[in-house]
Amino acid sequence: MTTLLYMHASSFAHDTGPGHPESIARIRAITAMLEREERKGALVGVERREPPRATREQLERVHTPRYVDAILGAEPDAGYVRLDPDTVMSPGSAEAGLRAAGAPVAAVDALIGGEARNAFCALRPPGHHAEAERAMGFCLFNSVAIGARQALDVHGIESVSIFDFDVHHGNGTQHAFEREPRVQYLSTHQWPLYPGTGARHETGVGNIVNRPLPAGTGSREWREVVENDILSAIDSFAPKLIMISAGFDAHRADPLAMLELEEDDFGWVTARLVELARKHAGGRVVSVLEGGYDLNALANSVLVHLNALRGV
Ligand SMILES: [Zn+2]
């Protein structure tokens with residue numbers, strides 16, 4: 001069965017300005033890696049697709065109509081508009097945000113329609129910090145949450161687990177689902193660190209699992225926490241769809257944080273999630289790119305992640 005790879009040219013147009021870590025260079029690095037691998041014939045079983053734009057209806061399952069209007073209306077004709085100290089829009093940003101949010105929706109539709117086994121959405125901007133009514137942390141629309149809502153509200157999927165291994169806590173995703181018992185949100189993240197949410201005692205309606213980790217946490221300790229607290233919780237929840245907020249900024253080379261993971265850790269956890277999806281969810285995994293700011297570490301981690309998704 002196929003692994004779908006969603007990408008779109010609009011990711012190259014969303015310009016966050018000089019010196020910004022969430023830059024176009026991230027997608028360039030991923031694209032260069034993919035081209036190199038494809039030349040080697042090494043991505044057998046991967047099918048590339050272009051996502052449609054998320055529709056208003058899809059966006060409004062997570063964001064308020066007022067917020068959607070504000071974001072679509074904020075795009076400048078030239079130069080930059082700053083929505084918060086970190087979050088910037090340029091010409092082309094609205095389109096990039098709509099495609100990034102459209103990708104997990106399309107992936108959910110495709111997997112539930114039996115067209116492929118799993119999917120990775122490699123677009124930017126990221127999404128997990130975006131709140132119902134607030135852009136923050138480089139994020140405009142909460143793509144993973146919009147994808148999960150598509151599974152629940154359109155396809156009647158009764159349970160979705162979202163594991164967010166980005167080094168930052170996905171405040172937007174947690175808030176979107178903290179009163180939604182059909183969604184389980186689990187996160188490992190460095191703490192204290194931006195955005196400041198994700199304490200262990202934030203448990204929603206029993207559906208939120210936060211495991212804040214101190215700076216310097218390495219592979220062995222992280223895998224122990226993932227094995228004992230995250231994977232076991234997903235196994236008990238027995239979701240019909242597994243989603244991943246795949247941020248690769250917990251890599252030891254990342255300039256924005258101080259967890260000490262290696263590429264192999266991302267391969268390991270992806271393979272374990274694929275296994276759990278086979279057990280409970282008909283194999284369905286939709287992974288969505290979030291952070292990852294060291295360009296080499298990002299490209300190498302994406303490759304390991306994609307290989308684990310296609311079962312290599
Ligand atoms: Zn992050």
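Just the heavy atoms: all of them, side chains too, but no hydrogens, waters or symmetry mates, feed the values below. Whatever order the structure lists ligands and atoms in, that order sets their numbers, starting from 1.
- H168 contributes atom ND1 as its closest N/O/S atom to the Zn ion (ligand 1).
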E275 vs R278, test: salt bridge (Lys or Arg N to Asp or Glu O under 4.0 Å). Steps then yes/no. CA-CA 5 Å; E275 213 176 282; R278 260 197 221 115; over 6 Å; no
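- R223 has no carboxylate O lying under 4.0 Å from a charged side-chain N of E227, or vice versa, which leaves the two without a salt bridge.
- The N, O or S atom of D249 with the smallest distance to the Zn ion (ligand 1) is OD2.
- Of all N, O or S atoms in D166, the one lying closest to the Zn ion (ligand 1) is OD1.
- Aromatic rings from H20 and F138 are positioned such that their centres are separated by under 6.0 Å.
- Under 4.0 Å is where a charged nitrogen must lie from a carboxylate oxygen, and between R56 and D69 at least one such pair does.
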